[in-house]
Each structure stands twice: as structure tokens, then as C-alpha cells.
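Everything below concerns the one structure shown next.
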Amino acid sequence: MPELPEVETIARGLAQRVRGDRIESVWLGSKPEPLKSPAVEIQATLERARIAGVRRVGKHIVFDLDSEGARRQWIVHLGMTGRLLVARPESELPKHTHAVLRLASGRELRFVDPRRFGRLSVVHDEFAPDGHEPMDIGFELFAGLFRRRKTPVKSALLNQKLLRGVGNIYADESLFRAGVRPRRHAGRLTRQELRRLYKALQRVLNQAIKAGGSSISDYVDAGGEEGLFQFQHRVYGREGEPCLVCKTAIKRVVIAGRSAHYCPNCQS
DNA sequence: ATACCGACCTGTCAGC
DNA sequence: TGCTGACAGGTCGGTA
């Protein structure tokens, strides 16, 4: 569900709400749980730890923990439908709740995920997945990621080992703004096209973060607020509707199993 | 090494 | 009303 702007919004909201709080106890649901680390290890790491900060890395939410001087990190990936909610303990537990952390402040931090694509893990050293942060990478490095790749540029944008945090919405939206068709071979983009894509991607991510992300069906931030960037989508979810620039009908095709939206006139 | 494609899950919505 | 199929913000592992 959430891509970089949504995860960034959620992480900022969580940081405001739970930074400095202490985790008193941890409940993990039974069944095949979405855990990448053993349940006992997650329990042991989280219990009694103080939340020193919350931040985003790619599409991951990173809780920096301080447990008796030791630095640990709790990593949450929300998958498609995952949510992290701060709630009063007496409020009803939503269906598909897979983890509940009781905080010293008396509140609960709940992980809810109907489709179970989300993942929880803990790491002891610095969490450093592959891929570059699209907002931090320089242009030369960015251009180098695409060099000699035969894969469609859309797929390259979604590849988290190259850039981390870009998902289906922002890949389509940045390709539209750059005037590049999603099926173009990544390695065949001209330098000028790469330059446009680089700028478009950074701009669209920044604008989306300012808008609090895109809310489609059920995304809300840590405070239950909906994002507003869906109103600025120009191609994503607009199949058959007129291009906002030239009125041509927006097309939807499938690339590597994911839908891709583009304007056949504006993108070449 | 690289690139597709199904699998993993549940929910929703359109069409019949 | 109810059934079926398509589709959904993501990632992984197997295969070609």
C-alpha cells in the first residue's frame, strides 16, 4: 500500500506520538505471523526498550530503540495494507491485528494488516538495505543505475535494489511528468530524458510528502488523517480519462505484472 | 546475471 | 441478492 511519501508521513506522525515512550510489553498474534525475525527475538528486543526515534528508510519504518544502552532497531514494512495505529487500550481491537505494544504512557501501538504482506523484524546493527534514497541520490549516480539495463524503465523504478521507496503510483506519475513511456528500455533513455525523470521523481515525491501522501481506499497516517496527493495524480488510476494536458485517453497496460498508466501522446 | 511470473493474502467492486 | 472474476499502494523465489 504505502510508498515513500506515505511511509514518510506515517513515520513522522509516529515520531511525534511515541518518541521517548517505553515499550512495556509485546503481544504477537499466533498463526503464521508476518515476522522476518523469530518471535522470541522480537519480544526480547522490544520489551522494556525506549523508543528513541522513528524514521523512514525506503518503504520501511525504523524504530530506533534504546534498551539499557544497547542500540537496536525495530523494522516494520507495511506491505500493501499494513497500518500502525496508536490507540487507547480500551478501544476495539481491529480485525487482522497482528501485534500490540503496550506503552508506558498507557497507550498501545498496534500493527494491523489484512493481507499480511507486511513484515516485522529487528536488527542489531545499522539497518541499511540495498538501493539509494531517491531524494538524496545525485544525478550521475541516478543515471548510472539505468545504464545498460534492458528492463522497462518502469520496472527499474520499482526495483528496490536500485532506488528504495518508489512504488507503482510514483513511478507512473514521475514517468508522465518526465514525458517517458513506461515500457522504454531503461538503458536507452537519453541523458536529457534521465535528467527529466530524475527531477520529476524528486519533485513528485516532495509534493506528495507535503500533501501527506496519496489515500486510495484505506490509507491513513498515524493520526488517522487521509493524504491528499491522489487529487494530484495525472495518470495513476485514470485509465480512459482525458489527459490533463492534451485530452488523449490515458492508457493502462501491464508491465511485469503491475499496471502502468500513461498518456500515449505526452509520453514517448 | 537478469528478467519475467506466479504465489502470497484479504477485501472490494463491477458485471451478470 | 449473490456469485465470479478482476484488481489492489509490495516482495519473494523459482524458472528460463
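We use all heavy atoms of the structure for the numbers below, so side chains are in, but hydrogens, waters and symmetry mates are not. A note on names: the letters A, B, ... follow the listed sequences, proteins ahead of strands, and every chain is numbered from 1. What you see is a predicted model; the values in this text were computed from it and never measured.
Taking atom CG of A:D130 as the reference point, atom P of B:dT2 lies 13 Å away to the nearest angstrom. C:dG10 atom C1' lies 11 Å from atom CG of A:L78, rounded to whole Å. Atom P of nucleotide C:dA6 and atom CD of A:E239 are separated by 15 Å, given to the nearest angstrom. Counting to the nearest Å, the P atom of C:dG10 and the CD1 atom of A:I255 are 14 Å from each other. Rounded to whole Å, the distance from CD1 on A:I10 to C1' on C:dG10 is 14 Å. In this entry the distance linking CZ of A:R149 with C1' of B:dA1 reads 10 Å, nearest Å. Going from atom CD of A:Q230 over to atom C1' of C:dA8 covers 15 Å, rounded to whole Å. The separation between A:R56 atom CZ and C:dG10 atom P is 14 Å, rounded to whole Å.
Contacts of A:P5 with the nucleic acid, taken as non-hydrogen atoms under 4.0 Å apart, are absent. Within 4.0 Å of A:G167, counting heavy atoms only, lie sugar-phosphate atoms of the nucleic acid but no base atom. No contact: A:Y170 has no heavy atom under 4.0 Å from any strand.
Across all non-hydrogen atoms, the minimal contact from A:Q73 to A:D64 is NE2-OD1, 3.3 Å. Considering every non-hydrogen atom in both A:A200 and A:A178, the closest pair reads CB-N, 4.0 Å.
Helical stems in DNA chain C, defined as runs of 3 or more consecutive Watson-Crick or G-U wobble pairs with both donor-acceptor distances under 3.5 Å, are listed by first residue as B:2-8 with C:10-16, B:10-16 with C:2-8.
In the set C:dA8, B:dC8, B:dA3, C:dA8 carries the atom at the smallest distance from any side-chain atom of A:S259. Here the side chain of A:E3 is nearest to one of C:dA8, C:dG10, B:dA3, namely C:dG10. Comparing atom distances between the A:P152 side chain and each of B:dA3, B:dC4, C:dG10 picks out B:dC4 as nearest.
Remark: the separation of the C1' atoms in C:dA6 and B:dG6 is 16 Å, to the nearest Å. The P atoms of C:dC3 and B:dC9 are separated by 24 Å, rounded to the nearest whole Å.
By the side-chain contact (heavy atoms from CB on, under 4.5 Å) test, A:A211 is found to be paired with A:L228, A:F229, A:Q232, residues two or more places apart in sequence or in another chain being considered. Applying the ring pair (Phe, Tyr, Trp, His ring centres under 6.0 Å) rule to A:F117 yields no partners; only residues at least two apart in sequence or on another chain are considered.
Of the side-chain N and O atoms in A:R148, none sit less than 4.0 angstrom from OP1 or OP2 of B:dT2.
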| said: Between A:E8 and A:K210, does the salt bridge (charged side-chain N to carboxylate O under 4.0 Å, His left out) criterion hold? Intermediate values first, please. | reply: CA-CA 10 Å; A:E8 178 70 31; A:K210 285 206 183 91; over 6 Å; no

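Counting non-hydrogen atoms of neighbouring residues, nucleotides and ligands closer than 6.0 angstrom, the CZ atom of A:R88 exceeds 12 such neighbours. Residue-environment remark: CZ (A:R102) stays at or below the threshold of 12 foreign heavy atoms within 6.0 Å.
A side-chain hydrogen bond (donor to acceptor under 3.5 Å, both in side chains) check over residues 152-170 of chain A, counting only residues at least two apart or in different chains, returns the pairs A:E6-A:Y170, A:E133-A:R164, A:K154-A:N168, A:K154-A:D172, A:Y170-A:S214.
A:L85 pairs in a side chain to side chain contact (heavy atoms under 4.5 Å, CB included) with only one of the listed residues (A:L109, A:V112, A:V100, A:T97), which is A:V112.
A tilted orientation is assigned to the rings of A:H96 and A:H98, their planes being inclined by 30° to 60°.
Rounded to the nearest 0.5 angstrom, A:L101 CG and A:E24 CD are separated by 11.0 Å.
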Between the protein and nucleotides 10-14 of chain B, which nitrogen or oxygen pairs come in under 3.5 angstrom?
from	atom 1	to	atom 2	distance (Å)
B:dT10	O4'	A:P114	O	3.4
B:dT10	O3'	A:H96	NE2	3.1
B:dG11	OP1	A:K95	NZ	3.2
B:dG11	OP1	A:H96	NE2	2.7

Check nucleotides 11-14 of chain C against the protein and report each pair of N or O atoms closer than 3.5 Å, with its distance, or say if there are none.
from	atom 1	to	atom 2	distance (Å)
C:dT11	OP1	A:H77	NE2	2.7
C:dT11	OP2	A:K59	NZ	2.8

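Defined by atom type and a distance below 3.5 Å, a donor-acceptor pair is missing between the side-chain atoms of A:T151 and A:R149.
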